[in-house]
Amino acid sequence: MTERVRMAETGAQLLARVAGRQSLKDIGQHVFPEDGGPAQGDVVEFHGVEGSGKTEMLYHFMIHCVLPKDSGGLEVEVVFIDTDYHFDMLRLVSILEARLTPTAEENADSAESETEEAVRSCLRRLSVVHCSSSVQLLLTLHYLEGTFCSRPALCLLVIDSISAFYWVDRSSGGESLARQEANLRKCAELLNKFRRDYGIVVFATTHAIMRNYSSAAGSTPHGSSEASGSTPSWRNFTDFDKPYLCRTWQRILTQRLVFLKSERSPVDQKQVFTVACSTVRTKGVKKCTFYVTEDGIKFIEGQ
Amino acid sequence: MVLLREGLCPGLTVDMVKALQTEDIRTVEDLVSSDSEELAQKCSLSYKALVAVRRVLLAQHTAFPVSGADLYEELLSSTSILSTGNHSVDKLLDSGLYTGEITELAGGPGTGKTQLCVSVAMNIAHELKQNVLYIDTNGGMCASRLLQMLQAKTTNTVEQMNALQRIRVFRVFDVFSLLCCLQNLRACVRTVSASSNQGSVKAVMVDSVSAVVFCMLGGKQTEGMSLMIQVATELKMIAKDYNVAVLVTNHVTRDGNGQLKAGLGQTWSHIPRTRILLQRANRPGAPTSLRTATLTKSSRQPCYLMEEFDLCEQSAEELKSRFSGKRKLDTTA
């Protein structure tokens, strides 16, 4: 915080500040392009319409973080800020159990209680905060700064979602856009500080709620009758793709994942999701497809 | 926005508030966001006092992190699943309404949204003996219909009266009264939970949310959206903080491809955890009271599960009455 406070820091704080945190680079080889994984201090936006798998993907990454090393996880701590009041602990636990059971299968008698204990020890690495207004979010972020200092194992901050207070802020901020965006701008500035000073990785979801009229207008010359009959997937990508949060937030982003719900395949009625990742460091867009099962996300290989 | 004023926290004096105002520090956010050392010099305040005030204010206004393990423990002990009394709907919802969540019924006019709501309320009050708060925004709730459903379940008038007493109905017809009602509810749920003799409220229903919200939307204004989100936030907080199951109803529109989707737009679509789409089953020869329920959003079950149910089936015994008489005529015709 200030020089005077730093003079009295503990060894753990010193380590958190100087040595840096564990890298999350290999967290999602399916999703992120090669060398494009979330390095220290990266900010990743998960953007998509309702039911396009954003939260499911968040659970997938969070579980990878909190799982112990011998189960293939990273064994790091995660803070989850729930502004949507949407966090489903039961779902998280059922995925966690599915990931833990294969390793505990050797001795079936004690497997169940072992899994239960393993789940609990994983969950201890996760902290959950509920926020109900943008002011509370801002103050909570300030409060969390102390937590980041004192816990070097804490690597990931998840905000689901950062756009939750968008309309309330727009309406209560008066005429000027600057004031409407003030709280979110301050939050983004603070997040920028976290990633710079503490090397925290930030994952945040944004709801796709703004229709991108310009791109829709651009595609009309290609023949509206064709377009309305079978909507090509590339158009869906840009349909609700408009970034609408404040510029400060857009500037600190290093990766952007755009989620898309595809049409159901008529064969097995399985809902397939697509995620397109673009980063500031690599060129092009990496796409991957996945579907959601009871045991979490399964990626579809070879696409 | 929390304005700084004397007495907001120990150590925050009138002089301090005034001194801070000269530097344009008026709210808690301003104070917390600014650099305490710089501020202490500018306002010639004691650095130590300022840091202490900042720390207390932060502790007062922030949301505290809960360990995942504790949250899971709490959830296991407090979550209950309320059966809706309708097998098909229960199957879609993975055995019923979960407390702490918002479930939505979407459907066109006459697809049985209100009927389902009333029967769910009746079931929770009668079978599960839990209190229900029913917010009626379109005048669709009818006490005599409720009594009919109860009479079909039991002939004991004492039981009927007990069940009816567990259902409290609020009539609101605009979004402001709805907000007011929900805010009072939060206070009232708290007090009811505290006094154990009455038992806590387990379910809140809003039929329908679109009736009061839809008219506020549209045009180049943000107030409507803001009000909608405020309603949503209130509902979520009631669900989460007091561990209540919330059931809301919504209208439907058609998207670009002519597919039915829930109304109130993209922003609202993120709000409910689970959504069921009700439609008339229009295959030839089917009775007109037959409805299909499709699961269109869920985090527990695969989406697009479909079930059929008969609106009349649950009220088969009381068909002679005038309320369901209309439907009976349809089926015989």
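Chain identifiers are assigned alphabetically (A, B, ...) following the order of the sequence lines, protein sequences preceding nucleic acid strands; residue numbering begins at 1 within each chain.
Using a 4.5 Å cut-off between heavy atoms, A/Val128 contacts chain B through both its backbone and its side chain. A/Leu144 touches chain B through its side chain: at least one heavy atom from C-beta onward sits under 4.5 Å away, while N, CA, C and O do not. Residue A/Ala164 touches chain B through its backbone alone, counting heavy-atom pairs closer than 4.5 Å. Both the backbone and the side chain of B/Thr267 have a heavy atom closer than 4.5 Å to some heavy atom of chain A. Both the backbone and the side chain of A/Arg170 come within less than 4.5 Å of a heavy atom of chain B. Residue B/Leu76 touches chain A through its side chain alone, counting heavy-atom pairs closer than 4.5 Å. Using a 4.5 Å cut-off between heavy atoms, A/Phe87 touches chain B through backbone and side chain atoms alike.
Contacts of residues 58-68 of chain B with chain A at a heavy-atom distance below 4.5 Å involve B/Leu58, B/His61, B/Thr62, B/Ala63, B/Phe64, B/Pro65, B/Val66, B/Ser67, B/Gly68, listed in sequence order. Residues of residues 55-63 of chain A lying within less than 4.5 angstrom of chain B, judged on heavy atoms, are absent.
Counting only heavy atoms from C-beta outward, the side chains of A/Tyr85 and B/Leu235 never approach each other to under 4.5 Å. B/Ser33 places a side-chain heavy atom less than 4.5 Å from the side chain of A/Leu138. Looking only at side-chain heavy atoms (C-beta outward), B/His270 and A/Ile209 come within less than 4.5 Å of each other. Put simply, the side chain of A/Arg91 does not reach to within 4.5 Å of the side chain of B/Arg300, judged on heavy atoms.
Ranking B/Gln230, B/Met237, B/Met228 against chain A, the residue ahead of the rest is B/Met237, based on heavy-atom pairs under 4.5 Å. Chain B forms more heavy-atom pairs under 4.5 Å with one residue of A/Arg124, A/His130, A/Lys186 than with any other, namely A/His130. Contact tally against chain A (heavy-atom pairs below 4.5 Å) for B/Val28, B/Val32, B/Leu227, B/Asp70: the top residue is B/Val32. Comparing A/Thr140, A/Val79, A/Asp169 by how many heavy-atom pairs each has under 4.5 Å with chain B, the most go to A/Thr140. Ranked by non-hydrogen atom pairs under 4.5 Å with chain A, the options B/Thr233, B/Leu75, B/Thr27 are led by B/Leu75.
Sparse packing is recorded around CZ of B/Phe214, with 12 or fewer heavy atoms of other residues, nucleotides or ligands lying under 6.0 Å away. Heavy-atom neighbours of A/Glu294 CD from other residues, nucleotides or ligands within 6.0 Å: at or below the threshold of 12. Counted within 6.0 Å of NZ on B/Lys48, heavy atoms from surrounding residues, nucleotides or ligands total 12 or fewer; the atom is thus considered open.
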Does the salt bridge (charged side-chain N to carboxylate O under 4.0 Å, His left out) test come out yes or no for A/Asp84 and B/Arg273, once each step is laid out?
CA-CA 10 Å; A/Asp84 279 340; B/Arg273 178 85 64 86; over 6 Å; no
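Of all heavy-atom pairs between B/Arg275 and A/Glu50, the closest is NH1-OE2, 3.1 Å.
Atom CE in A/Met89 sits 4.5 Å away from atom CG in B/Leu71 (nearest 0.5 Å). Interatomic distance, CD of B/Glu29 versus NE2 of A/His142, reported as 9.5 Å (0.5 Å rounding). With values rounded to the nearest 0.5 angstrom, B/Glu101 atom CD is found 6.0 Å from A/Asp88 atom CG. Between B/Asp94 atom CG and A/Leu90 atom CG the span is 10.5 Å, to the nearest 0.5 Å. In this structure, OH in A/Tyr143 is found 11.5 Å from CZ in B/Arg55, a value given to the nearest 0.5 Å. From B/Lys240, atom NZ reaches atom OG of A/Ser132 across 11.0 Å, with rounding to the nearest 0.5 Å.
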